[in-house]
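These numbers come from the heavy atoms of this one structure, side chains and all, not from hydrogens, waters or symmetry mates.
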Amino acid sequence: MKEQGKIFAGLAVFILAVAITYGVWSKEAAGTTALFLAFGLCIFIAFYLGFTARRVDTGAGDNPEAEVSDDAGEQGFFSPHSWQPLALGIGGALAFLGVIFGWWLLYWSLPIILVGLWGWVFEYYRGESQNQ
């Protein structure tokens, strides 16, 4: 994680230089603001990765002598099947269409988003995959 943090810190420095240069040359507020926000996001990610790297064991990505097989094994828990991302995607698409066509479309998208979010949070508390 330490190396990924360094990569994001370097990217943040580059984006900061681009944002300053773009802001001075173009005097355009929207693009300059977007670049400064991208700089801020890179700093957040770099800080998180650097902070987390100090608290966890050194991974294979931080060892220059590591082999590919050193990073083998379980990477985490991922749901084998879930319909909730589909509901969230449909609700999100309708919400963004509401920005384009009219805010009234949010009346249909918000319940779909809430049902998808509720189902995703509680999908392991009921049914065949219940583990609590």
Side-chain angles (χ1 to χ4, degrees):
M1 285 190 159
K2 184 188 278 187
E3 292 300 319
Q4 289 96 338
K6 289 179 183 177
I7 289 171
F8 272 100
L11 182 62
V13 170
F14 173 74
I15 291 176
L16 179 63
V18 169
I20 292 170
T21 305
Y22 183 82
V24 168
W25 277 355
S26 72
K27 296 181 181 28
E28 193 256 327
T32 305
T33 303
L35 285 169
F36 277 110
L37 289 174
F39 162 73
L41 289 174
C42 285
I43 286 294
F44 284 149
I45 294 171
F47 174 76
Y48 171 77
L49 290 173
F51 182 76
T52 305
R54 285 184 290 237
R55 304 178 92 203
V56 298
D57 294 334
T58 303
D62 293 327
N63 184 5
E65 302 292 323
E67 298 288 328
V68 173
S69 61
D70 292 342
D71 215 11
E74 186 175 325
Q75 300 295 320
F77 175 75
F78 303 99
S79 296
H81 58 279
S82 177
W83 288 95
Q84 309 313 321
L86 180 64
L88 287 172
I90 291 171
L94 281 174
F96 282 110
L97 285 174
V99 173
I100 296 170
F101 294 114
W103 293 102
W104 58 270
L105 202 50
L106 288 176
Y107 290 122
W108 282 279
S109 65
L110 196 58
I112 295 172
I113 290 172
L114 291 176
V115 165
L117 193 60
W118 181 270
W120 210 356
V121 168
F122 294 111
E123 73 181 327
Y124 289 105
Y125 289 92
R126 60 184 166 75
E128 65 185 38
S129 57
Q130 179 180 359
N131 61 8
Q132 296 293 327

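- Grouping the Ile, Leu, Val, Met, Phe, Trp and Tyr side chains by contacts below 4.5 angstrom, directly or via other members, places I15 apart from I7.
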Mind listing the side-chain donor-acceptor pairs of residues 96-121 below 3.5 Å, one per line with the distance, residues two or more places apart or on another chain?
residue : atom : partner : partner atom : Å
S109    : OG   : L106    : O            : 3.4

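- Taking all atoms of both residues into account, the shortest heavy-atom contact from T32 to S26 is OG1-OG, 4.4 Å.
- Within a 6.0 Å radius of CZ in F122, other residues, nucleotides and ligands contribute more than 12 heavy atoms.
- Closest approach of L11 and C42 over heavy atoms only: CD2-SG, 3.7 Å.
- Here the closest heavy-atom approach between residue A19 and residue L35 is recorded as CB-CB, 3.5 Å.
- Hydrophobic clustering (side-chain heavy atoms under 4.5 Å, transitive across Ile, Leu, Val, Met, Phe, Trp, Tyr) groups Y48 together with F39.
- For CD of E28, the number of neighbouring non-hydrogen atoms (other residues, nucleotides, ligands) closer than 6.0 Å is greater than 12.
- When side chains are defined from C-beta on, F8 does not count as touching I43, because their heavy atoms never get closer than 4.5 Å.
- Atom CG of L41 sits about 13.5 Å away from atom CZ of F36, to the nearest 0.5 Å.
- For the atom pair L94 CG and I90 CD1, the distance stands at 7.5 Å (nearest 0.5 Å).
- Here the closest heavy-atom approach between residue E123 and residue H81 is recorded as OE1-O, 4.3 Å.
- Grouping the Ile, Leu, Val, Met, Phe, Trp and Tyr side chains by contacts below 4.5 angstrom, directly or via other members, places F14 with I20.
- L88 and W83 end up in different hydrophobic clusters when Ile, Leu, Val, Met, Phe, Trp and Tyr side chains are linked at under 4.5 Å.
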